Every structure is written in C-alpha cells, then in structure tokens.
Amino acid sequence: MDLSTKLRAWYRFNARKLPWRETTDPYAIWLSEVILQQTRVTQGLPYFDRFLETFPNVESLAASSEDKLMKLWEGLGYYSRARNLHKGAKYIVENGFPTSYDEWLKVPGVGPYTAAAIASFALHEEKAVVDGNVNRVIARLFAIHEPVNSTAGRKIIEEKASALIRKNPPAEHNQAIMELGALVCSPKSPDCSICPWNTECLALATGLVNTLPVKIKKTKVMEEDLYYTAIYSLNGLYVQKRGVDGIWKSLYELIPISGNSLSLEPDMKLSSERFNTTHLLSHRKLNLHIDVIEWPIQSPELWEGYTLVRWNDIDNLAFPKPIRHWLDNNLLPLRLGSED
DNA sequence: AACTCGGGGGC
DNA sequence: GCCCCAGAGTT
C-alpha cells in the first residue's frame with residue numbers, strides 16, 4: 001500500500017469533525033482558511049461560526065463596514081487578515097469565485113498555502129498544501145535537515161509534498177496530512193507508535209524525530225513601552241482609530257499620550273493611580289501604562305483626531321486585547337452606576 | 001532573505 | 001521562558 005493510501009485510511013478513522021469539512025461552499029472554505037492562518041483550530045472555531053452567522057455569504061461580507069468586521073475579528077490577532085478578507089470579498093463580488101489555484105492566488109490575503117487548500121478542498125485540484133504541519137511531517141518522513149523555513153528547505157518540502165499527493169484524491173489527502181501533523185506527528189512528543197507511516201519514517205528509523213524539523217531562529221523579542229491616557233466624561237470615552245502601519249492597525253485605542261505630559265486644566269481630575277500591565281506578542285513585549293482622567297466638561301469633542309464614543313457603544317468597537325481587557329475590568333465598571 | 005504582524009496553548 | 005499554530009505581505 002502506498003503512502004497516501006495508508007495516510008487516508010488512518011484519516012478516515014481518526015479525523016476530527018470540523019465544520020469546514022462538512023461543506024463544499026467555497027466561501028465558507030475560504031473563510032475558514034484565512035481564520036486558521038497561524039491560528040489553532042480550537043482558537044479559530046468560534047470565530048468561524050460567528051462569521052458565518054453574521055456574514056452567510058461573500059456579498060454580505062463585502063458590504064460590511066470595516067468597524068463591524070474588525071469587531072468580529074477582535075481578539076484573533078493578525079488583523080491584516082481581516083482587512084484583506086474584506087478586500088478579498090469585494091474582489092470576489094466583482095470577479096466571481098476563482099476557479100483554480102492560480103486564480104485564488106490573486107485574491108488579497110490568499111497565499112500559496114491558502115490557495116492550495118481551497119483549490120484542493122473546493123475544486124479538487126491536485127495541489128499539495130504546505131503548512132506548519134506538512135513541514136514537520138515531511139521533514140521527519142524523509143529526514144530532511146535543511147531548515148524548513150529557508151528557500152532551499154521550502155523547495156525540497158514542496159517537491160516531496162507534490163510527489164505524495166500525485167494521483168491521489170487531493171482534498172482527502174491534504175486534510176489527512178495536516179491532521180496527522182496536528183494529532184500524531186506533533187512538535188513535541190509525537191506518538192510514533194500509532195502513526196500510519198511509522199514503518200516508512202526515516203527520522204524514526206534514525207532516531208531523529210526530536211531533532212527534526214530544523215528551523216532558522218527568529219529575531220529576539222524587543223521590549224517597548226506604550227503610554228495611554230483614558231479620558232472619560234459622563235458622555236463617554238475618548239478613543240482613536242489606529243490608521244498608521246504597525247500593530248493593531250484599524251483597531252481603536254486610548255489617547256496615546258501619558259497623563260503627565262498633558263496640560264491639565266484646573267478642573268480636570270487625574271487619577272492618582274497609573275495602571276501598568278504587560279502584554280506579550282510573538283515579536284514584542286509591550287509594557288502598557290494607562291493614566292485615567294475624568295473630564296468634567298460635557299463637550300462633544302476633545303481635539304482633532306480623537307472621537308468621543310458613548311458608553312453604550314464601546315462594545316461595538318474593536319480594541320487590542322490588553323486595552324479591551326483593561327476597559328472591561330477597570331474602566332467600564334466605573335460607569336455602571338452613572339449610566340444615564 | 002529578512003521582517004513584521006497577535007494571541008493563545010503546551011510544556 | 002520558549003516554541004508553535006491549517007501564513008501573507010512588505011521591504
């Protein structure tokens with residue numbers, strides 16, 4: 001029995017039941033693949049359900065406001081995915097659904113992995129997916145020492161993956177090899193005893209399972225301070241939408257100035273305490289410092305660039321995780337008694 | 001080819 | 001702490 005046949009036999013018996021495997025709708029499959037980029041299945045699942053419920057088709061997604069889309073994406077991270085999803089929806093409404101791997105590659109936010117996934121799942125095109133799971137499974141199966149995130153390594157993995165899928169059912173094969181990486185051939189302590197490929201695996205035969213795959217290390221995580229002032233009044237809270245490039249683009253934030261450097265008018269009350277919290281990104285360590293000012297003037301506007309959001313509307317805006325956390329736990333409770 | 005972009009989970 | 005996750009876009 002050849003490799004793919006053994007793999008798929010294992011898959012048919014051990015596959016998780018996941019909603020995007022129950023559909024042939026290219027829209028739902030596309031949506032799921034974007035949500036799952038660099039994201040665990042368990043983390044993406046509730047987002048997939050909410051998106052499909054809110055935007056049941058590509059037309060409704062394309063017609064959404066950016067704020068509503070970002071709010072639905074809030075907390076999932078890599079927010080450019082949400083913005084590209086929006087662009088992609090408009091592109092598809094304009095041009096129709098792509099009908100091949102090459103056409104899917106033209107959709108914003110769709111790269112080699114996602115195009116291969118959709119082309120194989122929805123169009124049954126014989127195109128091998130290469131994601132983190134496939135990198136690991138193939139590097140071990142063929143004992144590839146070349147770094148999987150180098151140009152040379154990617155080329156080797158791609159060739160091996162393409163050879164494995166050849167003349168086999170593309171959708172089932174791609175699902176199966178990723179499922180093997182997720183459930184059996186895991187990064188740490190893989191369960192080789194139950195692996196359908198344990199008699200063919202070169203890494204297992206040579207004792208290299210725990211040293212493969214090889215990866216080029218990423219850069220060091222730098223530390224960074226963020227100073228905010230939460231200015232609020234009876235009317236609501238002053239916020240700003242992040243428009244510049246960098247983290248959290250198109251999400252909302254507090255006023256990015258420390259309270260100490262604000263020119264305080266006599267009747268402004270600066271809270272004596274400053275909230276400090278750290279927030280870890282994969283590539284940065286953020287130290288957030290938040291001052292709080294109660295603004296007594298019931299003015300509809302503060303100054304150019306900042307907008308007053310009503311207390312009841314704050315939940316409709318997407319904030320970065322640490323700011324949302326702080327709002328929910330420290331600021332919003334203050335307003336509970338004084339809601340109009 | 002190297003960097004940037006989030007947040008969560010596992011150990 | 002460190003690594004990884006159904007990667008893509010930019011420089």
Side-chain angles (χ1 to χ4, degrees), chain A residues 15-16 18-21 29-48 70 73-85 87-88 104-121 127-137 139 147-155 157-158 161 171 173-183 185-190 210 213-222 224 242 244-251 278-286 318-325:
Chain A
R16 291 169 291 182
L18 300 172
W20 43 86
R21 289 177 177 163
I29 293 172
W30 167 57
L31 177 63
S32 75
E33 292 304 335
V34 175
I35 287 176
L36 290 172
Q37 287 166 7
Q38 292 292 286
T39 303
R40 289 170 193 278
V41 164
T42 53
Q43 188 187 0
L45 251 174
Y47 285 85
F48 176 76
M70 297 314 292
W73 201 272
E74 183 186 43
L76 194 56
Y78 283 153
Y79 297 95
S80 66
R81 288 184 295 170
R83 296 190 301 269
N84 284 332
L85 192 69
K87 286 187 203 165
W104 270 107
L105 265 186
K106 299 176 187 169
V107 178
V110 174
Y113 162 76
T114 303
I118 304 172
S120 64
F121 300 157
K127 194 79 189 177
V129 293
V130 179
D131 72 334
N133 291 306
V134 175
N135 277 334
R136 186 171 55 255
V137 169
V148 294
N149 55 347
S150 69
T151 302
R154 272 194 290 268
K155 182 170 159 60
I157 301 279
E158 217 281 319
H173 176 92
N174 276 338
Q175 293 281 8
I177 193 169
M178 289 193 285
E179 194 76 338
L180 184 70
L183 299 184
C185 194
S186 45
K188 287 175 184 171
S189 47
N210 291 314
V214 176
K215 276 192 164 183
I216 299 169
K217 294 185 192 48
K218 32 195 170 207
T219 53
K220 191 177 173 296
V221 174
M222 302 303 280
E224 185 179 335
R242 288 178 73 94
V244 294
D245 285 340
I247 61 172
W248 300 332
K249 185 183 177 187
S250 55
L251 273 64
T278 66
H279 184 72
L280 295 174
L281 307 181
S282 51
H283 60 300
R284 212 172 300 187
K285 179 181 179 183
L286 303 176
F319 288 91
K321 198 68 178 177
I323 297 180
R324 167 57 65 189
H325 186 76

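These numbers come from the heavy atoms of this one structure, side chains and all, not from hydrogens, waters or symmetry mates. Predicted, not measured: the structure shown is a model, and the values here were computed from it. Proteins come first, then strands; the chains are lettered A, B, ... in the order of their sequence lines, and each starts at number 1.
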Touch class at under 4.0 angstrom, heavy-atom based, for Ser282(A) against every strand present: base

Side-chain donor-acceptor contact under 3.5 Å, Arg81(A) with Gln37(A): no

Contact under 4.0 Å: Lys218(A) side-chain N or O vs dC3(C) OP1/OP2: no

Secondary-structure notation, DNA chain B, from Watson-Crick and G-U pairs under 3.5 angstrom (| other strand): |||||.|||||

Among dG7(C), dA6(C), dC4(C), the one nearest Met178(A) by side-chain distance: dA6(C)

Sugar-phosphate only, base, or nothing, as touched by Glu179(A) at under 4.0 Å among non-hydrogen atoms: nothing

Other residues, nucleotides, ligands: >12 heavy atoms within 6.0 Å of His283(A) NE2: yes

Under 4.0 angstrom between Arg136(A) side-chain N/O and dC5(C) OP1 or OP2: yes

Atom-to-atom span, CD1 of Ile35(A) to C1' of dG6(B) - whole angstrom: 15 Å

Donor/acceptor link under 3.5 angstrom from Tyr113(A) side chain onto base of dG7(C): no

Nearest-angstrom distance from the residue atom CD1 of Ile247(A) to P of dT4(B): 12 Å

Value in whole Å for how far the C1' atom of dC5(B) lies from CG of Leu251(A): 12 Å

Gap in Å between the two C1' atoms, one belonging to dA8(C) and one to dG9(B), rounded: 23 Å

Sugar-phosphate only, base, or nothing, as touched by Arg324(A) at under 4.0 Å among non-hydrogen atoms: nothing

Below 4.0 Å: OP1/OP2 of dC2(C) and any side-chain N or O of Lys215(A): no

Whole angstrom value for the distance that separates C1' of dA6(C) from CG of Leu85(A): 15 Å

Touch class at under 4.0 angstrom, heavy-atom based, for Gly246(A) against every strand present: sugar-phosphate

Sugar-phosphate only, base, or nothing, as touched by Leu76(A) at under 4.0 Å among non-hydrogen atoms: base

Touch class at under 4.0 angstrom, heavy-atom based, for Leu18(A) against every strand present: base

Set of residues satisfying ring pair (Phe, Tyr, Trp, His ring centres under 6.0 Å) with respect to Trp20(A), sequence neighbours excluded: Phe48(A)

Any His283(A) side-chain N or O less than 4.0 Å from OP1/OP2 of dG6(B): no

Sugar-phosphate, base or nothing in reach of Trp73(A), heavy atoms under 4.0 Å: nothing

Closest non-hydrogen atom pair, Leu251(A) against Met70(A): CD1-CE, 3.5 Å

dC5(C) OP1/OP2 closer than 4.0 Å to side-chain N/O of Gln38(A): no

dA8(C) phosphate, OP1 or OP2, under 4.0 Å from Thr114(A) side-chain N/O: yes

Atom-pair distance (CZ on Arg284(A); C1' on dG7(B)), nearest Å: 14 Å

Kindly give the atom pairs (protein nitrogen or oxygen, nucleotide nitrogen or oxygen) under 3.5 Å for nucleotides 9-11 of chain C.
residue	atom	partner	partner atom	Å
dG9(C)	OP1	Gly109(A)	N	2.4

Sugar-phosphate only, base, or nothing, as touched by Gly181(A) at under 4.0 Å among non-hydrogen atoms: nothing

Interatomic distance, Asp131(A) CG vs dA6(C) C1' [rounded to whole Å]: 5 Å

Thr42(A) (side chain) and dG8(B) (base): donor-acceptor pair under 3.5 Å: no

N/O (side chain, Tyr79(A)) to phosphate O (OP1/OP2, dG7(B)) under 4.0 Å: yes

